Each structure stands twice: as C-alpha cells, then as structure tokens.
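So the structure is just underneath, and the comments pick up after that.
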Amino acid sequence: MTEAAQETKTTSEDWEPKIVAFCCNWCSYAGADLAGTSRIQYPPNARIIRVNCTGRIDPEFILAALDMGADGVLVSGCHPGDCHYTSGNLKMRARWALIKRAVEQAGIDPRRIRLQWASASEAQIFADGVTLLTEQVRKLGPLRGQWR
Amino acid sequence: MTESEEPRIGVFVCHCGHNIAGTVDVERVAKVAATFPHVVFSTDEMFMCSDSGQQLIRDKIKEHGLNRVVVASCSPRMHEPTFRRVVEEGGLNRYLYEQVNLREHVSWCHMHEPEAATEKAIDLVRMSVARAARLESIPVKTVQVTPRALVVGGGIAGLRAALDIADRGFEVVLVEKRPQLGGHVIHWTHMFPADRSGREVVSPMIDEVMDHDLITVYTDSKVTALDGYIGNFDITIKSNKTGEEHKVKVGAVIVATGFEPFKPIGYYAYEDSPDIMTLAELQEMPPSDELLRPSDGKPAKKLAFIGCVGSREPGVKGHEHCSRYCCSAVAKAASDLKDRVDEVVVLYQDVRTYGRGHEEIHRLAREKRVIFSKYNPDERPEVWVKRGKITMRWRDVLADDLLEFKPDILVLASAMVPPEDVEEIAKIFSLTRSSDGFFNPEHIKLAPLTTHTAGIMIAGVAQAAKNASETVVDASGAAAKAAALLARGEVEIESTVASVNPDVCSSCHTCITACPYGAMSIDESHDPPVAHVTEAKCHGCGTCAAGCPSGAITMLHSTDDQILSMVEALLMPAQMSGGEAR
C-alpha cells in the first residue's frame, strides 16, 4: 500500500480510532475483566496491554505509541491510596503532568491521552473511560493525517 | 533452551464453548495467527483448560519443538497459573508462556460486533506473539517458610482459624484490636438456628485459645506493618494502650477482620427515639423475662422489625449487597420475643431464610402469629416519633393496603458493612476490595479464601456479609490453606524482579525514591557505587524501571522491549520482523 493510499484510507469514513490502553494488573485489568463478566458493552477500539502497575509505565511508552500511530492512549490504574504496590500509581500521576506537556509540545492534542482510576470492582467506570476516550478521539480524527 | 535459540511459537485459540467462539471467529484468528512471525503452529480448540486441551499443548511442544506458547482464551488472572504449569510439564520455563484475553476483554464486551471483535482478537494475538518472541526464561526461586501463622481478628472466624492451625501443630499469633476476644458474637443473646447465646458459643473457644501452648494472643493491639513476602512476612504489632511494638515473623496470614453493624443514621427515625434500635443493639440487651422499653423501662407489648435496612439498595455504594444474616436473625428474634410481647410485626422486602434449619425458624415465627408484611423497596415504610411514641406506616404489597402500627420498640435489621479501619487493613495487607467494601478473594469460585497477595487468606465476613456458621466454615478452610503452606516447608516466590545493569547506572538515586519497598539501595562495594536490588524485597511493580533515566533497570518479564513490541505489533504490523502481518 502506498503512503497516499494509506492516507485516504485513514481519513475515510470507515476509519476507527486505534487506542492503546495500559492497565495495571491489580485494579483496572481486573476491572476490565469484570466489565466482560458483567457483559458491559463498550467500543472495541482499545487494545489492552497489561502491566503490573501504572508506575511501570515509562512516559516513553505513551509517546512511542502515539509516534507509531495510536490515535489515543489510555492509562488506567488503581485509585490513589489503593495501589497494590502502595504508591506506583502516585508516581504515574506525578509523571502525567510531564507526559501531557510532552504530548502538547509534540503538537498532539492532549485530549488524545487519558489517565483514569478504575478499581477491580469499577467495571462501569473502566468501560465508560474507554467509551469517552474513543468518542473524544473519534471527534479529533485520525492522528496520522494531522501529525508528522 | 537457550536464549539465542530462534523462537518457535505455538498459538492455541480457545473457543471456551460458546463463550468466545459465539462472537469471535476463532478459526480465522488461529489461521491468521499462523502467518505471524515465529509462529510454527496455530490451532483452535474447544476448551484449552480441559485435560485434552492441556495435553494438546504438551504434545505440540514436543511435536513441533515449540519454545514459546501463546494461549488465547480467558483472563490470565483466571488461567495463567494453569497454563504456566502445563508448559512446565511440557519442559518449558513458565515465563515462556503468554496469555491473550479473548473472553473478558473481547467476546463478552463486544457481543453484538462479531467482526470488530474478531479484528480485536487478531490484534491482541499478534501483540502477544510479538511479546512471546521476546520472552526469556527466568529461574523459579524457592524460599523457606516460617512455620508460624498470623491471624488478624479475634472474632468467631479468627478463633476458629487460630485453633485449627494450632491443633495441626503450628504456632499462631492472634491479634485483636478490642480488649477482649469474641468479636460481635459474644455480645449476642440469641444465635440462630440453635437456641444458644453467643457467649455460650464462643466462650469455650476463647478458653481453648487462651490455654493453647502454641497460640500467642495480643488483645487491644493492631497490626501496623507487614513486610516481606509469602513464607516470610515480618509483622509489627502495636498495643493500643501502651504503644509498645512487637515484631514477629510468620509464613502465612489470615485476615478475619469481620464487619461492623451499619448505624442506620437517617433511616426510619433511628436517632429520634431510644426505642428504635438496630438488631445488633437488641441482641446486646440484657436477657430478661420481659422485653423492657429502653426509654422508660416499662415492658414492651408491641414490637416491630424492618428488614433490609442499608442492605439491597441498588445504586447506593456499599449498600447494594444482601447482608445474608438478617432474615434468619429477625425470624429467630421475632419468634423468641413473641412469647414475651402481644404483637410482633415484621416488614420485609423478601424473606430469605436460606440456611439449614432457618426456614423452620421462619415457619415457627409464623405459627406463633408473628405478622409478616411485605413492603415495596421503591416505597419504603415511613416511621415518625411524636411525644416519644413511634408510628410506622407502610403499604402492604400483597393486600395493597396502607397500614399503620404503633410499636413500643422498633428494631431495624441493619446491614453488615466493613469495619471503619477497613481501608487501613487493605493497605497493610495489599488487599483489594469489592463494591460492597469487603475484601476480594483471589477467585470467587476457584479460590474464595486466598487473595491476590500470595500467603494471605481471608475468612468470614472480611470477605462478604455472611452468618456465623458460614464464617466458621470459611475459617476452617482458610486455616487448612494456611496450614498446608506452613507444612510445605518451602514455597516458590515471584521471580519477576527488577535487575540493574551496573555498567549503565549513573547512581542518581531515582530508583531509591521510586521503590515503595525499600528494595533499591546503593551498592557501595561496587566501583563506582551503583544501584542494587534486594530481590527478596522486590515485589515487581517496575516503578524503578520506568523512573530510571539511564535505562539501567530491567524489569524481568516486563521489559521495555517486551512492552514496546506489543505496541509495535498493534500499530506497525508490517514492521514485524520475520514475516507478513495479515
């Protein structure tokens, strides 16, 4: 497929946002499991990558995902105070300000990235977060055409 | 196998009966997966977790010389341990196994979009295949188990668990935050279904615990810190009175921290009269031949109960659950007290006297002419107090009549809710909580007594609202789990820890501030001094690896390369080395 052909494809009507979702194993991954068990239906756009803790997420992972063509990135972890590893999510929260800045400076709309807290019991909150980001990114359009 | 060996990946796509295959085109997923780089075998199968599914993996490892296995089935939180064992039986290191979640994360949440679900499934398998190609075997470590258990909570669950473990010949440390043992049960004057007081039930257990050579009891004390890992927990116990601290080492922990009766403030005029009380407060009234009204000490002639107070309230956080003990407890109290008063009315949503012998109590209450009247949860009974007199008005669902009753005493069957220090307990023992506020078990059906923190069990109401008999069953179960661990002598621990490359470390101390466990330190004996991981303290969160500005820290089984390979496989499939994408 040529570059031009790809361009038309990504901007055409059947374009679907591609979202990379980093979920911590203990809260949000389990919350996503519960969303499935509870048969909560949400957009199929996110692909979950399981990490032990949101503290594991190097800002580089998020930037790399956007660089490689993700239209949005979701980071979902335990609520502050509920981290399985005591404070990894607080480290993520501290990094988030930096990540948002870096994303903005790269000329990417920060609404393409989302940090949320969803516990193992908050299936609906998890699903709602995916829906919200998917819809937000859908409005913003494909990242490929706008950037680089 | 050696790391330099070319990856030979086998992909096994599970139908899970209709659960996955009903939505996802599993045959197509398996077919496409066969074209991914390094995949030398790919198939779909009805149930991968079945004996035949497991055998298939072992056979194909042998037949095709597989050195990596990917199973696309349910959540790894469910069957990762199963398949890790299977690949080990097939001769591979357990960390050369990778699982794709096609059920909880795909088929069950995209049930009406089979095509999009299949696309998602293919993406996820491609991502996991890319990761699998980069997996490395990690030696599995074992440690000695300290043959001693900690039981937190001296209620009926903690007492039973402590006795069961000690009777098997292991030392037990029992910690209770209140000055006396016996929990809530010791205060209750009537237990169902047998006609005995709580004190009669637990007193012999308390005596036995106090006299037991192998049990050390700390009352009026709290566990304030837990360090270490399965088999080797370091516990700090602090006395509430003196502030004195004791340190003990244990191999297993049972959390039996129970509940608190919900104080129904704002419900049914609870605070407006001393004659309106909770079931727990009624249970704690001193026994007497006549039921005496707290306000004036006169004998009560009319008694009423309201069920489901703070229980079964959809949409109210922490109060959606059925508290499970109240229907039987109300039936028992109503039936007993009917002998001492003229009239007893029970307002209920539903009567769920489900336990053995409980239905008989309900029947007895009705035979004694206790009046049961069903109310509609959307139109709750009204209660008001005027000049010290209680009036209640409600619509009886079955007769569709508005009824009124003026009881001398009104008893609210209030919910079981977690104790106020539940958050603190959750934090100390790294437990997660479910929407009712109680602790999550590892798996509701397959592992209801263990938790996601290895070596820590839960028993009784700490897990969910339940009655005393069920609590004791739990306690004995958790004790059996703990004793089995202690008896084993040694246990496998998490091998996926952080590791430092000393050649790259700039000794900036970032990892030391990042680590929540104090597992990172500076090795001064190294020249120049560099960061060092105390593996036994590392829990594998990877926060240090993400924070390290020099990229000197590798988080085993969760390396940058492994994570980024998944991102790349999703977004730039054509770049995947060694094969065509789709």
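Fair warning: this is a prediction, and the values are worked out from it, not measured in the lab. In what follows, chains carry the letters A, B, and so on, assigned in the order in which the sequence lines appear, proteins first and then strands, with residues in each chain numbered from 1.
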Relative to chain B, which of [options] shows the most heavy atom pairs under 4.5 Å?
| options | result |
| --- | --- |
| A:Cys83, A:Cys53, A:Ala127 | A:Cys53 |
| A:Ala120, A:Ala70, A:Ala35 | A:Ala70 |
| A:Ser87, A:Pro44, A:Pro43, A:Cys78 | A:Pro44 |
| A:Glu122, A:Glu60, A:Arg50, A:Met92 | A:Arg50 |
| A:Ala46, A:Ala64, A:Cys24 | A:Ala46 |

Per-residue contact mode, [X] against chain B (heavy atom under 4.5 angstrom):
| X | value |
| --- | --- |
| A:Tyr29 | both |
| A:Ala30 | both |
| A:Asn45 | neither |
| A:Ser119 | neither |
| A:Ile48 | both |
| A:Asp82 | neither |
| A:Ala32 | both |

Step-by-step side-chain contact (heavy atoms from CB on, under 4.5 Å) determination, B:Val125 to B:Glu98: CA-CA 10 Å; B:Val125 172; B:Glu98 168 73 6; over 6 Å; no
Greatest number of heavy atom pairs closer than 4.5 Å to chain A - which of [options]:
| options | value |
| --- | --- |
| B:Gly542, B:Cys541, B:Pro516, B:Ser558 | B:Cys541 |
| B:Leu124, B:Asn19, B:Thr543 | B:Thr543 |
| B:His112, B:Met78, B:Arg103 | B:His112 |
| B:Asp560, B:Leu564, B:Thr496, B:Thr432 | B:Asp560 |
| B:Val106, B:Asn101, B:Asn440 | B:Asn101 |
| B:His452, B:His105, B:His539 | B:His105 |

Assess whether atom CD of B:Glu423 is packed by more than 12 heavy atoms of other residues, nucleotides or ligands within 6.0 Å.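 Check fails, neighbour count at 12 or below.
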Quick check: are there more than 12 heavy atoms from other residues, nucleotides or ligands sitting under 6.0 Å from CD of B:Glu320?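 Above 12, so yes.
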Of all the heavy-atom pairs spanning [X] and [Y], show the shortest one and how long it is.
| X | Y | result |
| --- | --- | --- |
| A:Phe126 | A:Cys23 | CE1-SG, 3.7 Å |
| A:Tyr42 | A:Thr131 | CB-OG1, 3.8 Å |
| A:Ile99 | A:Pro59 | CG1-CB, 3.7 Å |
| A:Trp15 | A:Gly141 | CH2-C, 3.4 Å |
| B:Thr453 | B:Ser430 | OG1-O, 2.8 Å |

Output yes when a side-chain donor or acceptor of A:Gln41 lies under 3.5 Å from a complementary backbone atom of A:Arg39, and no otherwise.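 Such a contact is found between A:Gln41 side chain and A:Arg39 backbone.
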Could you tell me whether a side-chain N or O of B:Gln463 sits under 3.5 Å from a main-chain N or O of B:Pro441, the two making a donor and an acceptor?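 It does not hold such a pair.
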Is [X] close to chain A through its backbone or its side chain, or both, or neither, when contacts mean heavy atoms under 4.5 Å?
| X | result |
| --- | --- |
| B:Ala426 | neither |
| B:Lys427 | side chain |
| B:Met111 | both |

List the steps, then state whether side-chain contact (heavy atoms from CB on, under 4.5 Å) holds for A:Thr86 with B:Tyr517. CA-CA 9 Å; A:Thr86 321; B:Tyr517 300 104; 4.0 Å; yes
Taking heavy atoms only and a threshold strictly under 4.5 Å, list by residue number the residues of residues 548-557 of chain B that touch chain A; give 'none' if the list is empty.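 B:Met555 fall under the 4.5 Å cut-off.
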Show the numbers, then the answer: is there a side chain to side chain donor-acceptor pair (under 3.5 Å) between B:Ser434 and B:Asp436? CA-CA 5 Å; B:Ser434 91; B:Asp436 56 9; 2.6 Å; yes
With side chain to side chain donor-acceptor pair (under 3.5 Å) as the criterion, how do B:Asp25 and B:Thr118 come out once you've worked through the C-alpha distance, each side chain's angles and the decisive distance to 0.1 Å? CA-CA 6 Å; B:Asp25 182 348; B:Thr118 304; 5.6 Å; no
Is the shortest heavy-atom distance from the side chain of [X] to the side chain of [Y] under 4.5 Å?
| X | Y | result |
| --- | --- | --- |
| B:Leu135 | B:Arg131 | yes |
| B:Thr451 | B:Phe439 | no |
| B:Phe429 | B:Ile458 | no |

